[in-house]
Amino acid sequence: MYDPKAEYKWNDYWREHGMFAFNRDDEAKPLFVIDPPPPFTTGDLHMGQAYWVIYIDSIARYKRMKGFNVLYPVGWDTQGYPIEVMVEKKYGKGLPRADFYKRCTEMAEANISSMKAQMLMFGASFDPSLEYITMSEQYRRKVQLSMLEMYEKGFVYRAEHPVEWCPYCVSSISREEAEDKEEQTQLNYVNFALKDSGETIEIATTRPELLHACVAVAVNPSDDRYKALIGKKVEVPIYGREVKIIGDESVEKDFGTGAEMVCTFGDKQDILLYYKHKLQLINSLTEDGRLRNAGKYDGLTIKEAKKTVTERLKEMGVLKKQESLVHTIKVHDRCGTRSEFISAMQWFIKTKEHSERIKEQARQVSWIPEHAAQKLYDWSNFIEWDWNISRNRVFGTPIPFWYCEDCGAIIAPERSALPVDPALAKAPADKCPKCGSAKLKGETDTLDCWVDSSITPMVVAGWPDDMELYKRAYPTSMRIQGTDIIRTWAFYTIFRTWALTGNKPFETMLTHGMILDPVGKEMHKSWGNGISPNELAEKYSIDSVRLWTALSGGPGKDKPFSFEEIEHAKSFIVKLYNSALFVKNAMGDVKVPAEEPHTHFNIFDLWVLNRLNSVAGEATKAYDRLDLYGAMTAVTNFYWHEFCDHYIEAVKHRIYAEGNDGSKKAALFTLMHVLSSSLRMLAPVIPHAAEEINSMFSQESVFLEPFPAYAEKPNPADYIINGLVFKSSVVEMDYEDAGAIANDIVDDVRKAKASRKIALNKPITLININVPDAYYNTVLSAAKDIKEICKAGDVKIERSKDYSVSIQV
RNA sequence: GGGCCCGUAGUCGAGUGGUAAGACGUCCGCUUCACACGCGGGAGACCUGGAGUUCAAUUCUCCACGGGCCCACCA
């Protein structure tokens, strides 16, 4: 019985023998460079990550067997909010900055070590010397250098701009970090008094707490109710300020009263109107989400203010009614807090003006599946403003610049000074080069994590320290990543590498879908429907999980996990092992010829050898287009249902025969050849099982043997089979078809036995075979074997118009 | 409101301009000396619906319905 525990030892064996090392100086072999995702270091590798770890590892192993010099690194995305939260949970809030930072580092290191152990258990064959960690000094230097270069090229600027802001995290966030959430709220109808007349205008708002920042009332200019009022002034209740009524087509006549107040800033619409109509700016909120510029209400939280202000409006008699309303708001994806817009000084990278170029670069990449690129094009088409890269966090790469507090000029560091933390280090100049001011301030904000991870293809290729390698290794060969981060990781990588190198980051982009739970729902920690890859490995074996991954359908689509399917994967491995055991026992002490024993093959030998050739062709082509599903269906179906179910059964009578003649040797050669070739085709996906089984026959690793070659055309050689010269000189038929006929006859005899409820191994006296002329010689050459396989006393073959098989007991 | 993907037997899932792999499940038979995590056999799909292109469509085009994802809007 196959022992899955045997799988674990091979992980150590391969490492000890340095079999995954990238050979930087080997320029003879073609390079294959992989840009795998650096997982965020949560501490636990989940099913979706196990999926791509296995997928990319299988590709890497295949490429090595095909003679490539494979550069397969491993990376870790360590910095950012989730780690900070984990540290806060463990040590509480309020640690001094330096201590807090140190704890984050330790937490990330611990998490890396547990996740790496998981990756290694699944057989991930990365080269450990090619590891990068985003929080390391070396990696930071590269990130900061990339920022410096982008600054020199004019991509980086600092400006006051309304940004999406998380009051809980006290940091700006970017558009893709904001998620939609449905919320039940009140729509408040409030009367504003028109200046110099007794009239009022009724507006509808969900955000009365921002009344103090109201800078205009907007109506649709085609709205007959209000168009005469455009340009007139109204008074803001409570605060008494005067604001103008403006007209804008974006105002929906049918929503609320058709009139809305514009605050700085209640939502994105307000920002657009603010710019378009050049309105006044009233900063309405502090960075931690409290009212400011609201007179006596200053310091109230948003929630408190909503209640207080609403009550005040009620007292004043201007709150006409309240309606409940379900609407969608933006929340910060990492903490769930409603985001606000706050105007603040921030760092930006210019992306908006480059959207066409980004799409152009994306078109240079070959996308699998092709339509995945559409998500990137769609996202590029909707860039509204530049990429805000400032994050008010501790655990992140420092923004490597200083600025002049008087004129706002940016002061960049010397290259040799990187990595640098401007919050601690002195500026490289005493005075502002622009205005001469001595008030130079180091930036304390850190970079958005996507800034860190959007240069991975360059880093893995050797930039900026090994430019000799970089010249050969960039663009990288391929990236694999989930469809869920196309608009972030893929988008920013394609953009940044273009900005820095003018080139595309990778030749091929393989995007994969999500692994869902067995009923097709996303796995969520909070839903408790997660499936742990480690538990699966424990229960079914490592390679069962790997084989399931490959057999779970083409990438690019979401896939529900299935316990039934992983059972099947496990069964295949057991079958593989048992069949190998059969071959091992069959060989006994007989020395199997290394070369083809040309003269003693029968139809079944030639059939299975030629089928093997075709399958090797299918598998190679599938692997080459990174299609593990295609490769594994071809090989596993062939192995199980053709080799095991048919060939091994057809060969047993020769194996069990006394003596050691040519026919037996030919059979043993064929068994061994098909087994060994199949193992090598399976090895990239089920490396442990393949290695374990291979070790029954060989001292050498299966990965040191070449991937099976194949011929595009059917075997044209002639063979003498049972005294008949077969093939082109006798019949116009290739060996696959000839074998299929012989197999059909055996199947039909089995069926005849089954229908008469005769045990399959029970002897019969006679098989009558009627065959059309064209098949006569083929059947004749197979007759002797058919007789033995079916345990028949005799076989009679007759030429006939129609094919038929009958038996006599 | 916009975009993209998908709709194949009870389930999962390939695939092709000439009526469709494989797996699970199910039914029948078999402890055949590698394997009952097995072997042999059977049933089960008018490839969501409609229109069009074609000698021919599950495969191409359009529309509809259903499912999923993403984006925008939501005062």
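Values reported hereafter were calculated over all heavy atoms of this structure, with side chains retained and with hydrogens, waters and symmetry mates removed.
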>> For A:Ala216, give me all partners under side-chain contact (heavy atoms from CB on, under 4.5 Å), at least two apart in sequence or on another chain.
In response: A:Ile246, A:Val262, A:Leu279
> Between B:C12, B:A14, B:C73, which one does the side chain of A:Lys268 approach most closely?
Replying inline: B:C73
> Can you name the residues that form a side chain to side chain donor-acceptor pair (under 3.5 Å) with A:Thr310, not counting sequence neighbours?
Replying inline: none
> Across the strands shown, which category fits A:Asp267 at heavy-atom distances under 4.0 angstrom: base, sugar-phosphate, nothing?
Replying inline: sugar-phosphate
> Considering only B:C12, B:C4, B:G22, which nucleotide approaches the side chain of A:Asn637 most closely?
Replying inline: B:G22
> Who passes side chain to side chain donor-acceptor pair (under 3.5 Å) against A:Lys521, sequence neighbours left out?
Replying inline: none
>> Please enumerate all residues that pass side-chain contact (heavy atoms from CB on, under 4.5 Å) together with A:Asp627, with sequence neighbours excluded.
In response: A:Ala622, A:Arg625, A:Tyr629
> Should A:Arg225 and A:Glu202 be marked as a salt bridge (Lys or Arg N to Asp or Glu O under 4.0 Å) after you check the CA-CA gap, both sets of side-chain angles, and the distance that decides it?
Replying inline: CA-CA 11 Å; A:Arg225 293 172 295 176; A:Glu202 194 176 39; over 6 Å; no
>> I'd like to check the salt bridge (charged side-chain N to carboxylate O under 4.0 Å, His left out) partners of A:Lys753; sequence neighbours left out, ordered by chain and number.
In response: none
> Has the side chain of A:Tyr629 got a donor or acceptor atom sitting under 3.5 Å from an opposite partner on the base of B:A21?
Replying inline: yes
>> According to side-chain hydrogen bond (donor to acceptor under 3.5 Å, both in side chains), does anything in residues 567-582 of chain A pair up with another residue at least two apart or in another chain? List the pairs.
In response: A:Ser579-A:Tyr639
> Residues two or more places apart in sequence or in another chain: which of them pass side-chain contact (heavy atoms from CB on, under 4.5 Å) with A:Asp267?
Replying inline: A:Gln269, A:Asp270
>> Measuring from the side chain of A:Glu565 (C-beta onward, heavy atoms only), which nucleotide among B:A14, B:A23, B:C12 has the closest atom?
In response: B:C12
> Between B:A34, B:C37, B:G22, which nucleotide has the shortest distance from any of its atoms to the side chain of A:Lys652?
Replying inline: B:A34
> Near RNA chain B, under 4.0 Å by heavy atom, which residues of residues 576-590 of chain A?
Replying inline: A:Asn578, A:Ser579, A:Phe582
> Could you write out RNA chain B as a dot-bracket string, with dots for unpaired bases, | for bases paired across to another strand, and Watson-Crick or G-U pairs counted at under 3.5 Å?
Replying inline: (((((((..(((.........))).(((((.......))))).....(((((.......))))))))))))....
>> For a quick test of reading the model: is some side-chain N or O of A:Lys181 closer than 4.0 Å to OP1 or OP2 of B:C74?
In response: no
Please list, pair by pair, any protein nitrogen or oxygen found under 3.5 Å from a nitrogen or oxygen in nucleotides 38-40 of chain B.
from  : atom 1 : to       : atom 2 : distance (Å)
B:G38 : OP1    : A:Ser571 : OG     : 3.3
B:G38 : O3'    : A:Lys575 : NZ     : 3.0
B:C39 : OP1    : A:Lys575 : NZ     : 3.1
B:C39 : OP1    : A:Trp640 : NE1    : 2.5
B:C39 : OP1    : A:Asp645 : OD1    : 3.0

>> How many whole angstroms separate atom CD of A:Glu642 from atom P of B:A21?
In response: 14 Å
> At under 4.0 Å between heavy atoms, what does A:Thr328 touch on the DNA or RNA strands: base, sugar-phosphate, or nothing?
Replying inline: base
Pairs of donor and acceptor atoms involving the side chains of residues 550-562 of chain A, under 3.5 Å and at least two apart or interchain, shall be tabulated with distances.
from     : atom 1 : to       : atom 2 : distance (Å)
A:Ser552 : OG     : A:Thr549 : O      : 2.8
A:Asp558 : OD1    : A:Met514 : N      : 2.8
A:Lys559 : NZ     : A:Glu565 : OE1    : 3.3
A:Lys559 : NZ     : A:Glu565 : OE2    : 3.4
A:Ser562 : OG     : A:Glu564 : N      : 3.3
A:Ser562 : OG     : A:Glu564 : OE1    : 3.4
A:Ser562 : OG     : A:Glu565 : N      : 3.0

>> Could you walk me through whether A:Glu323 and A:Lys321 satisfy the salt bridge (Lys or Arg N to Asp or Glu O under 4.0 Å) test, starting with their C-alpha distance in whole Å, then the side-chain angles of each, then the deciding distance to 0.1 Å, before giving a yes or no?
In response: CA-CA 7 Å; A:Glu323 272 173 6; A:Lys321 66 172 173 176; 3.4 Å; yes
Polar atom pairs between nucleotides 65-69 of chain B and protein, under 3.5 Å, N or O only, would you list them?
from  : atom 1 : to       : atom 2 : distance (Å)
B:C69 : O2'    : A:Lys375 : NZ     : 3.2

